[in-house]
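Working notes for the structure below.
These numbers come from the heavy atoms of this one structure, side chains and all, not from hydrogens, waters or symmetry mates. Letters A, B, ... are given to chains in the order of the sequence lines, protein chains preceding strands, and every chain is numbered from 1. Since the structure is predicted, the reported quantities are computational estimates derived from the model, not experimental observations.
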Number of protein chains: 2
Amino acid sequence: MKPPKKTPTMSDVAREAGVSPMTVSRAFKSDAYVNEETRKAILAAADRLGYVMDSMASGLSSRKTGFVAVTIPSINNANFADTVRGLTEGLQAKGLQVLLGYTNYNQEEEERLVRQLLTRRPEAIVVTGGTHTGKCRAMLENAGIPVIETWDIPADPIDSVVGFSNADASAKIVAHLVETGRTRIAFLGGDASRDTRGFDRRRGFIREMESRGLDATRLVEAGPPPISMREGADALARLMSRWPDTEAVVCVSDLAAFGAMTECQRRGLAVPGTIAIAGFGAYEISDICVPPITSIDPHCYRIGLLAARRIIDLLSDGPDSETESHTLVEPGLLVRASTFSDCNP
Amino acid sequence: MKPPKKTPTMSDVAREAGVSPMTVSRAFKSDAYVNEETRKAILAAADRLGYVMDSMASGLSSRKTGFVAVTIPSINNANFADTVRGLTEGLQAKGLQVLLGYTNYNQEEEERLVRQLLTRRPEAIVVTGGTHTGKCRAMLENAGIPVIETWDIPADPIDSVVGFSNADASAKIVAHLVETGRTRIAFLGGDASRDTRGFDRRRGFIREMESRGLDATRLVEAGPPPISMREGADALARLMSRWPDTEAVVCVSDLAAFGAMTECQRRGLAVPGTIAIAGFGAYEISDICVPPITSIDPHCYRIGLLAARRIIDLLSDGPDSETESHTLVEPGLLVRASTFSDCNP
DNA sequence: TTGAAAGCGCTAACAA
DNA sequence: TTGTTAGCGCTTTCAA
């Protein structure tokens, strides 16, 4: 299976085709001037030899690796996966390839990862969130490439931003719950210390509750992120034993929300009759479960796509920038039956 | 934000530290002989300059890029995400980095992707499944690196294999359903033509049904993969209108199974009383939903981990191979309340 | 323990 | 339209 012979190089192809290596190089870049017949002959020779370009060597020489580094908190999350899809698809047209890494929701891990990724000399880097360790931030600032922070509106951005306010998203949910008659509302999220975006959602919850003169102390912590469905269920159990008269729960994500809802089903608590439940993320499950769960759509795919556009814009050296340095992607409120009886099918 | 000065090179660090570039190179490889004080001075100089190694140049020179290429059908799937986690974590100790790409369950796309990935000169490549286009297979065979096929037991393996029989997994489910008294059993899956693993599960279903003398024609197609929860729900609706007396459904994945179950809830069909539902993949949702769904655990993370071990084994040039060329990871049957009343909580 | 020379596979820049 | 020269940033190999 493993032939001992080395992989052929451009010179091998050149010899096979009877041209110089440079001509082979041109033949592989579609935009270069090469005689059409020569190109055909070269491509045929390459095919005969099973030649595959070495884009590492190419990148070293041209100073264009074709990589865009991307960090996400977890690879096992449909939201971030959608953002990565948006990036991949948006970047593909320009021949840019995503180099992905995940941080496990951990800033030290992010620092390690960013260092490793920069080692590959990406042409741009996309990070999730706007909070980093000092060293990580310094590396990003000194990398000399476009940096895009996403999924957040950082107070002090490094460079470009494509994101939304997690706090405002929570506020939107609170407003909806209050408008539909609830006042005893709880927030179910992760430990305040680790998940910055989850923490922002919690902050937004507290701010909005207090601004409406409501009690904002019903806060249940479900452990470090990511919060699983199971943890959502357990947290709901704790919530109901501590504050049994709770009328609504704002969950840090749809996964926690769905877990909480299953716990309600097990306990015979009617949703939304006895307790209303809201999530975050517009995961498929919140749309299809019974009853469907009210959620916030952060437009994950779109965030990726806009980040890709911004990168392409920054990398094409014309000064005719068509994208903004800071792009706000306004999250949408999806009102569904878990908070609003008239929505019931 | 973007300093115009170029990123510093090893020579810059060497000058700053008053040594030769070669010594700097050694200082960064922990296993090389360098005076401890010299190393400290070099690392300090590197820090002062904000130096980050160029592993592309390093890879070109040493012929070791540190990449392991990995292709999965979809990035938005918890099962494949777990396999990637296993790979990433298993490879990390040896300083190998996963270079990930996804194929959208499409073999032409896989061919394109494999070509692109080989361009980066990975030291090994892991692919999902054992069916590829001819060109793709040829590229893999000629790449001169270890190739691991996963999530399948290919009839004609390219090189190493870490997987399981999708057909046998289905058969296991059928056996369980028949043993618990069902005979009118349906299979709910994707279009037969596209998703090879889904097709294998369907094949296993038919084989097992027929071997038990049961009718194996209740087959509903839910479109091209991936099958969403929504498609699972729609397919169940079609199933019940075509064969209303169906007693059990074997679904191609837990996501389809959960969608199907929500449809049952909407129609007032009792699960498992009226109809039993089984899935595949041991996704979290099948464990927590009400009732929990019987599933097959393919041990996704373990597949990734074992593939990583195999790669490390193959790459470390000692002939003392501790791993098998073909590793079978036996899937586990998770019997839960959606097929078995006594399991009800 | 350190350094000098050569070159990994490719492309920019120039020349023909 | 094609070729030549030089060199990208690093490591291998050999010598000191």
Indicate whether OP1 or OP2 belonging to D:dT1 is found under 4.0 Å from a side-chain N or O atom of A:Thr38.
-> no

Taking OP1 and OP2 of C:dT2, is either one under 4.0 Å from a side-chain nitrogen or oxygen of B:Thr23?
-> no

If you count the non-hydrogen atoms of other residues, nucleotides and ligands that lie under 6.0 Å from CD in A:Glu89, is the total more than 12?
-> yes

A:Asp12 CG to C:dC8 C1': how many Å, rounded?
-> 13 Å

Pick from A:Glu111, A:Arg137, A:Gln107, A:Glu110: which one makes a side chain to side chain donor-acceptor pair (under 3.5 Å) with A:His132?
-> A:Glu110

Counting primed atoms, P, OP1 and OP2 as sugar-phosphate and everything else as base, the B/S/- map of nucleotides 6-13 of chain D against protein heavy atoms under 4.0 Å is -BBBBBBB

Of the non-hydrogen atoms in A:Ile158 and A:Glu149, which two are nearest, and what is the gap between them?
-> N-OE1, 2.9 Å

Whole-Å distance, A:Leu49 CG to C:dG9 P, equals 14 Å

Say you draw a straight line from CD of B:Glu37 to CZ of B:Arg39; how long is it, rounded to the nearest 0.5 Å?
-> 12.5 Å

For A:Asn76, check side-chain hydrogen bond (donor to acceptor under 3.5 Å, both in side chains) against everything at least two apart and list the hits.
-> B:Asp82

Go through the side-chain N and O atoms of A:Ser20 and A:Thr23 and say whether any donor and acceptor fall under 3.5 Å apart.
-> yes

